[in-house]
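Data block below; observations after.
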Protein chains: 2
Amino acid sequence: MKEINSRMEPRKSAPTLEDVAKTAGVSTATVSRCLNDPDRVVEATRNRVMSAVQALQYTPNFGARVMAAKRTFTIGAIIPTMDNAIFARGLQAFQEALHARGYTLLVSSSAYRPEVEEEQIRALVARGADGLLLIGHDRDVPIYEYLAQRKVPALAAWSYIPDGRIPSIGFDNRTAMYALTQEVIDHGHRRIGMISGVIQGNDRARFRLEGMQDALVANGLDAAMIPPIETPYEIENGAAAFAKLMAGAEPPTAVMCGNDVLAVGAMIGARRLGLRVPQDVSITGFDDIELARIVSPALTTVHVPHREMGRKAADALVDMVEKKTSGQSAKLGTTIMTRGSLGPCPRPDGQG
Amino acid sequence: MKEINSRMEPRKSAPTLEDVAKTAGVSTATVSRCLNDPDRVVEATRNRVMSAVQALQYTPNFGARVMAAKRTFTIGAIIPTMDNAIFARGLQAFQEALHARGYTLLVSSSAYRPEVEEEQIRALVARGADGLLLIGHDRDVPIYEYLAQRKVPALAAWSYIPDGRIPSIGFDNRTAMYALTQEVIDHGHRRIGMISGVIQGNDRARFRLEGMQDALVANGLDAAMIPPIETPYEIENGAAAFAKLMAGAEPPTAVMCGNDVLAVGAMIGARRLGLRVPQDVSITGFDDIELARIVSPALTTVHVPHREMGRKAADALVDMVEKKTSGQSAKLGTTIMTRGSLGPCPRPDGQG
DNA sequence: ATTGAAAATGTAAGCGCTTACACTAAGGGA
DNA sequence: TCCCTTAGTGTAAGCGCTTACATTTTCAAT
């Protein structure tokens, strides 16, 4: 009776390692090794175990695995916003690369607010993230100390600096913007305005602004001539800032923007004012999002290899988590995409 | 020596429940109850425990919690893409609501590919997701059975149907598109083209197309007169499809699009062909993304309350997970936003 | 054959938490 | 006064896995 009963009893719950071990006729340790480090098990045994896994449709219990291995196989990422395509794209690649390495991605967003970011960092660490992807380097020291104390490896992306508190995989925002500014100057522009993102807690925005101002100074121009406008990355803000910039007595002939979103806003602002781009005013962006090629005229901007960055960041971070390396920073190249929105200065003689 | 040594020894690792229990002078069970169900502990004790938690900076170990509670406090969401702002926005609200209920969100994307979605579902379940948010209802039966067998509650969003295999929080795509089509017809259009998203595995796209065709028929028009074009949701595809649609002998006077992305593409296509919107041709979208208000002319489209949907979906799903309810579906309202891209039919007499 | 090192596998001790159950103390009704 | 209920707390048994260490097997060198 008992046998029949036990044979007929339906599965009460998911099969465990022990069930697999039993059907394969080995110990749980061997099954575990088959799954985590197959090379340590001889082929014949491995085959036997694998068929048992197949037969039972065994899936390891996540919680138990985490508990015993003291790792969650989870990487956390905190990005400013999901609304900007650049992060969406980079994260996509990041996620794919993590997946290939057996890790899952946990994302949250900070809305560009440092205090929210800090809370999210703590939340992800509490949730057992094995490593963290952060954007940029500008944040308070205590949070770096917290990370160090908890021994959670972290990596910064979208901004490369050689000597940050944590390693970074990214590009040099300052140099890129410097080069783009030089391009604008080479087109004859002397009165150049800037619509920057919010600098506070955002080193990418800061470096871009600095790079632009450095280039002005290097070309003998007064960086303070047209004060930059700082505004959150929203299309409408770009339009508003553009209007403000053009309202001055001697408006700029070129307006450089902290990113493509602001630049598209600026183009809309120009349209509203009845200004033609680039005949009346040139506009540049940064990031080379899809929209940059679609607006008319197409946007002159800086192309950033978001996907490559995501992929490399994933590999670097997993290495830090697994091999306990301190992390290898990498600087990625950017490309200036000169397109229709940048034209020659409309009144090259009236200034300088 | 020993005492001094042990006193000076730095924390080897994070404090555990037991450490808290010891400092508070209670049992681990009491500490656990303080954290998870405070009402079951008398106030004096609770205060003592809470100070100990504070003093030790105690954070529960995630893995242990998961293992013992047999829940991960994680909700998985599988969306078609992060590239479309509508999902980004809805998910944002979803995540905030989950956070308020003590859950974390795990996101992955399927790139609109059913087999990828299925793999992601299995991956999230294996990872212990307590519940799943899915988009729409069109998927193979076995995956629903898998979910049922594993007892993982799932909820569909962005598409409301009253009698699906899983409950849904969303809107009626068919009715919304029907209403929009009626609006187009009321503007005098009789030759109406459609650029639809890919129908396969996407009930939202399917319902929108059906709603449009139903409206045509209800108005005595031939739904097959201009065959709809089916193409993935990409701006460039919208432009290409538009060009194809206008290349016929008797091109449509209005082109309705499966979503705003395609519609923006169609507007770009029109610009390339030298067609004015809406004087030469009207264009409509669906979703009311930010871009819809920014293009010129602004896009006539269907507004969907993405944030509200995300919030409601989170509450419904957590209820399913915690209270073991079978899940309450909800239908959300949509609004037709009539804007510049829809105008009167340019040649109202030459047809019908 | 014999031996010993190396390879393969087994044994079993946790990992830190939740929770069923046990126990104690405090009232309330008889 | 005694018993029974109930609220508050403690005890301890897992949860399913990984891995240090122990044991067995294999096999090359003698």
Side-chain angles (χ1 to χ4, degrees), chain A residues 11-50 52-53 56-74 102 125-128 130 150-151 321-322, chain B residues 11-50 52-53 56-74 102 125-128 130 150 322:
Chain A
R11 274 236 76 70
K12 279 174 149 39
S13 57
T16 69
L17 240 211
E18 202 177 339
D19 295 330
V20 176
K22 223 166 278 173
T23 26
V26 298
S27 72
T28 59
T30 300
V31 178
S32 176
R33 282 188 284 256
C34 273
L35 266 24
N36 297 313
D37 196 357
D39 291 340
R40 295 189 48 198
V41 174
V42 85
E43 189 175 347
T45 315
R46 201 189 323 142
N47 290 152
R48 207 141 34 89
V49 170
M50 288 316 193
V53 167
L56 295 177
Q57 291 263 53
Y58 170 74
T59 321
N61 176 294
F62 172 72
R65 186 136 183 263
V66 165
M67 162 127 238
K70 297 188 195 301
R71 311 202 280 129
T72 56
F73 309 95
T74 298
V125 170
R127 210 157 169 311
D130 293 333
R150 291 299 210 107
K151 299 207 197 328
V321 168
E322 290 186 347
Chain B
R11 274 236 75 71
K12 277 175 153 36
S13 56
T16 69
L17 241 211
E18 201 176 339
D19 296 330
V20 176
K22 224 166 276 173
T23 26
V26 297
S27 71
T28 59
T30 299
V31 178
S32 176
R33 282 189 283 255
C34 273
L35 265 26
N36 297 312
D37 194 357
D39 291 341
R40 294 188 51 196
V41 175
V42 85
E43 190 175 347
T45 314
R46 200 190 322 143
N47 289 153
R48 207 140 34 89
V49 170
M50 287 317 194
V53 167
L56 296 177
Q57 291 263 50
Y58 169 74
T59 321
N61 177 292
F62 173 71
R65 188 137 181 263
V66 165
M67 161 126 235
K70 297 188 196 301
R71 311 202 281 129
T72 56
F73 308 94
T74 298
V125 169
R127 211 156 168 312
D130 293 334
R150 291 299 209 107
E322 291 186 347

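Each chain gets a letter, A, B and so on, in the order the sequences are listed, and its residues count up from 1. Only heavy atoms go into these numbers, but all of them, side chains included; no hydrogens, no water, no symmetry mates.
For Arg46(B), there are no side-chain hydrogen bond (donor to acceptor under 3.5 Å, both in side chains) partners, not counting sequence neighbours. Looking at residues two or more places apart in sequence or on another chain, you find a side chain to side chain contact (heavy atoms under 4.5 Å, CB included) between Val20(A) and Val31(A), Val49(A), Ala52(A), Val53(A), Leu56(A), Tyr58(A). Arg40(B) pairs by the side chain to side chain contact (heavy atoms under 4.5 Å, CB included) definition with Arg33(B), Asp37(B), not counting sequence neighbours. For Asn61(A), the side-chain hydrogen bond (donor to acceptor under 3.5 Å, both in side chains) criterion is met by no residue, not counting sequence neighbours. Partners of Asn36(A) according to the side-chain hydrogen bond (donor to acceptor under 3.5 Å, both in side chains) rule, which considers only residues two or more places apart in sequence or in another chain, are Ser32(A), Arg65(A). Judged as a side chain to side chain contact (heavy atoms under 4.5 Å, CB included), and not counting sequence neighbours, the contacts of Arg71(A) are Phe73(A), Tyr103(A), Asp130(A), Val321(A), Glu322(A). Partners of Thr28(A) by side-chain hydrogen bond (donor to acceptor under 3.5 Å, both in side chains), not counting sequence neighbours: none found.
Put simply, the side chain of Met50(B) reaches to within 4.5 Å of the side chain of Leu35(B), judged on heavy atoms.
Residues of residues 42-50 of chain B having a heavy atom closer than 4.0 Å to DNA chain D, listed by number: Val42(B), Thr45(B). Using a 4.0 Å cutoff on non-hydrogen atoms, the parts of residues 60-68 of chain A near DNA chain C are Met67(A), Ala68(A), ordered by number. Within a heavy-atom distance below 4.0 Å of DNA chain D, the residues of residues 28-41 of chain B found are Thr28(B), Ala29(B), Thr30(B), Arg33(B), Val41(B).
Think of the region where chain A sits on DNA chain C: with heavy atoms and a 4.0 Å cut, that region ends 5' and 3' at dA8(C) to dG16(C).
Residue pairs meeting the salt bridge (charged side-chain N to carboxylate O under 4.0 Å, His left out) criterion with at least one member in residues 22-32 of chain A, sequence neighbours excluded, are Glu18(A)-Lys22(A).
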task = Begin with the C-alpha distance, continue with both residues' side-chain angles, and end with the deciding distance and a verdict on side-chain contact (heavy atoms from CB on, under 4.5 Å) for Val66(B) and Val66(A).
result = CA-CA 9 Å; Val66(B) 165; Val66(A) 165; over 6 Å; no

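Minimum interatomic distance between Thr23(B) and Asp19(B) (heavy atoms only, all atoms of both residues): OG1-O, 2.7 Å.
Side-chain atoms of Thr30(B) and Arg48(B) include no donor-acceptor pair closer than 3.5 Å.
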